[in-house]
**Student:** 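Have a look at this one before I ask anything.
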Amino acid sequence: MHGATSGRIVETEAYLGPQSGLEDRAAHSWRGVTPRTRVIFGAPGHAYVYLIYGMYECLNVVAEPEGIAGCVLIRAVEPVAGIARMRLRRPTASGIEKLANGPGKLTLALGITRRHNGADLTSGPLTIHPPERPEGLRIGVSPRIGIKPSADLPLRFFIEGNRFVSR
DNA sequence: CAATAGATCATCT
DNA sequence: GATGATCTATTGC
C-alpha cells in the first residue's frame with residue numbers, strides 16, 4: 001500500500017512561559033492560562049495548534065512539564081515521504097522546497113488542523129521522533145520571525161544551510 | 001529585487 | 001473592537 005507521510009523538522013522557534021524568568025511577551029502563554037493556552041500548560045509531548053490571522057494553523061509541541069508553560073513552534077519541514085499526498089494552497093506552486101517552509105504552509109501540507117490540538121505526539125497517527133544529527137550538522141540561532149514584542153530573544157533554531165528553511 | 005496590502009476570524013480586553 | 005507566532009499577490013524602484 002503506502003507508507004506514512006513524513007518530514008524532517010528543520011526550523012523551530014521556542015516560546016517561553018511566564019515561569020521561565022525571561023520575559024517572553026510574544027508567547028501566547030505570557031498572560032497565563034486561558035481556554036486557548038490551557039494545553040501549553042499541560043503535559044509535554046502534546047500538540048498545540050492554533051489559528052493565526054483567521055486563515056492558517058500553526059503547530060507547536062508542548063515542551064515543559066505539566067503546570068509550566070513552554071512550547072516549540074514548528075516553522076519548516078523537509079518533506080521525506082508522501083510528498084504526492086501533501087496538499088498545497090496553490091497547487092501550481094513551483095518547487096517542493098516551497099511546500100512546507102513556513103508554519104502556515106506545513107500544517108496545510110501535512111493536513112494538521114485544530115482538530116489535532118491537544119493530541120499526544122508520542123504515540124498515535126501524528127508522531128514526532130528524535131532527530132538524526134549527523135556529524136558536522138550545525139544548528140543556527142537567530143531572533144524569531146514575525147513578532148513584535150521580545151523580538152530580540154534568540155529563540156529561533158534551524159539547520160544551517162538546509163534549503164527547506166524559510167529563509 | 002523590496003515593500004506593502006489584503007484576506008479573514010478566534011481570542012482576549 | 002483590536003490584534004495577530006502568515007502567506008500571496010501586487011505595486012514600486
Side-chain angles (χ1 to χ4, degrees), chain A residues 5 7-64 67-79 83 85-119 121 126 128 131 139-160 162-167:
Chain A
T5 303
R8 197 182 320 284
I9 296 170
V10 298
E11 179 184 352
T12 63
E13 283 176 0
Y15 286 88
L16 309 177
Q19 307 102 318
S20 68
L22 295 176
E23 293 202 349
D24 187 0
R25 294 175 135 76
H28 290 165
S29 58
W30 170 246
R31 301 187 185 277
V33 181
T34 69
R36 181 174 65 157
T37 62
R38 182 176 44 81
V39 351
I40 309 175
F41 287 84
H46 287 244
Y48 165 51
V49 185
Y50 70 94
L51 180 72
I52 183 69
Y53 297 113
M55 196 167 306
Y56 299 97
E57 330 234 5
C58 291
L59 169 67
N60 295 249
V61 182
V62 177
E64 293 287 350
I68 300 184
C71 62
V72 174
L73 170 69
I74 311 301
R75 283 198 62 88
V77 164
E78 171 179 348
I83 295 167
R85 253 170 283 129
M86 295 183 178
R87 294 285 173 268
L88 273 175
R89 184 174 190 75
R90 317 258 335 142
T92 55
S94 59
I96 63 168
E97 66 273 2
K98 303 203 174 201
L99 187 65
N101 63 340
K105 286 198 283 185
L106 74 89
T107 52
L108 208 52
L110 298 172
I112 294 167
T113 70
R114 280 164 288 169
R115 189 173 72 253
H116 296 99
N117 191 40
L121 297 175
L126 190 63
I128 292 184
I139 305 293
V141 183
S142 81
R144 295 170 295 183
I145 293 175
I147 53 160
K148 311 267 290 184
S150 302
D152 48 319
L153 295 176
L155 292 177
R156 172 173 174 258
F157 305 92
F158 56 95
I159 295 181
E160 204 75 68
N162 186 286
R163 76 181 197 280
F164 296 88
V165 169
S166 66
R167 60 170 199 188

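Throughout, a chain's letter reflects where its sequence line sits, starting with A, and its residues are numbered from 1.
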**Student:** Taking CE from Met55(A) and P from dT6(C), how many angstroms apart are they, rounded to a whole number?
**Tutor:** 13 Å
**Student:** Among dC12(B), dA5(C), dC7(C), which nucleotide sits nearest the side chain of Pro35(A)?
**Tutor:** dC12(B)
**Student:** Just the rounded figure in Å: distance from C1' of dT8(B) to CD1 of Ile52(A).
**Tutor:** 12 Å
**Student:** Please give the nucleotide sitting opposite dT13(B) as a Watson-Crick or G-U wobble pair, both distances under 3.5 Å, or none.
**Tutor:** none
**Student:** Looking at Lys105(A), I'd like to know whether one of its side-chain N or O atoms comes within less than 4.0 Å of OP1 or OP2 on dT8(C).
**Tutor:** yes
**Student:** Just checking, Arg38(A) and Phe41(A): is the charged tip under 6.0 Å from the six-membered ring centre and within 45° of the axis?
**Tutor:** no
**Student:** Please determine if a side-chain N or O atom of Arg31(A) lies less than 4.0 Å away from the OP1 or OP2 oxygen of dT11(B).
**Tutor:** no
**Student:** Nearest to the Thr34(A) side chain among dA5(C), dC12(B), dA7(B), which nucleotide is it?
**Tutor:** dC12(B)
**Student:** Has Tyr53(A) got its ring stacked on dA7(B), by the test of a centre gap below 5.5 Å and a plane angle below 30°?
**Tutor:** no
**Student:** Any N or O donor-acceptor pair linking the side chain of Tyr50(A) to the base of dA5(C) at under 3.5 Å?
**Tutor:** yes
**Student:** Figure out the CG/C1' separation between Leu108(A) and dT8(C), and round it to whole Å.
**Tutor:** 13 Å
**Student:** Can you check the Tyr56(A) OH to dA10(B) P distance for me, whole Å?
**Tutor:** 16 Å
**Student:** Please give, in whole Å, the distance from dC12(B) P to Arg25(A) CZ?
**Tutor:** 18 Å
**Student:** What does dT8(B) pair with, Watson-Crick or G-U, if both distances are under 3.5 Å?
**Tutor:** none
**Student:** What does dA5(C) pair with, Watson-Crick or G-U, if both distances are under 3.5 Å?
**Tutor:** none
**Student:** For dA5(C), take OP1 and OP2 only and decide whether either is under 4.0 Å from a side-chain N or O of His28(A).
**Tutor:** yes
**Student:** Figure out the CZ/C1' separation between Arg144(A) and dG4(C), and round it to whole Å.
**Tutor:** 14 Å
**Student:** What about Tyr50(A) and His28(A), are their ring centers closer than 6.0 Å?
**Tutor:** yes
**Student:** Starting at CG of Asp24(A) and ending at P of dG4(C), how long is that distance when rounded to a whole Å?
**Tutor:** 14 Å
**Student:** Touch check for Gly54(A), heavy atoms < 4.0 angstrom, all strands: base, sugar-phosphate only, or nothing?
**Tutor:** base
**Student:** For Ile147(A), report the nucleic acid contact type (base, sugar-phosphate, nothing); a contact means any heavy atom under 4.0 Å.
**Tutor:** sugar-phosphate
**Student:** Between atom CG in Asn60(A) and atom P in dG4(C), what is the gap in whole Å?
**Tutor:** 17 Å
**Student:** Does Arg144(A) count as lying over the ring of Tyr15(A), i.e. NZ or CZ under 6.0 Å from the six-ring centre, within 45 degrees of the axis?
**Tutor:** yes
**Student:** Ile74(A) and Val61(A): which non-hydrogen atoms are nearest, and at how many Å?
**Tutor:** CD1-CG2, 4.1 Å
**Student:** Do you see a donor-acceptor pair shorter than 3.5 Å between the side chains of Thr12(A) and Arg75(A)?
**Tutor:** no
**Student:** Can you see which heavy atom on Ile147(A) is nearest to which on Ala26(A), and at what distance?
**Tutor:** CD1-CB, 3.9 Å
**Student:** Across the strands shown, which category fits Arg36(A) at heavy-atom distances under 4.0 angstrom: base, sugar-phosphate, nothing?
**Tutor:** sugar-phosphate
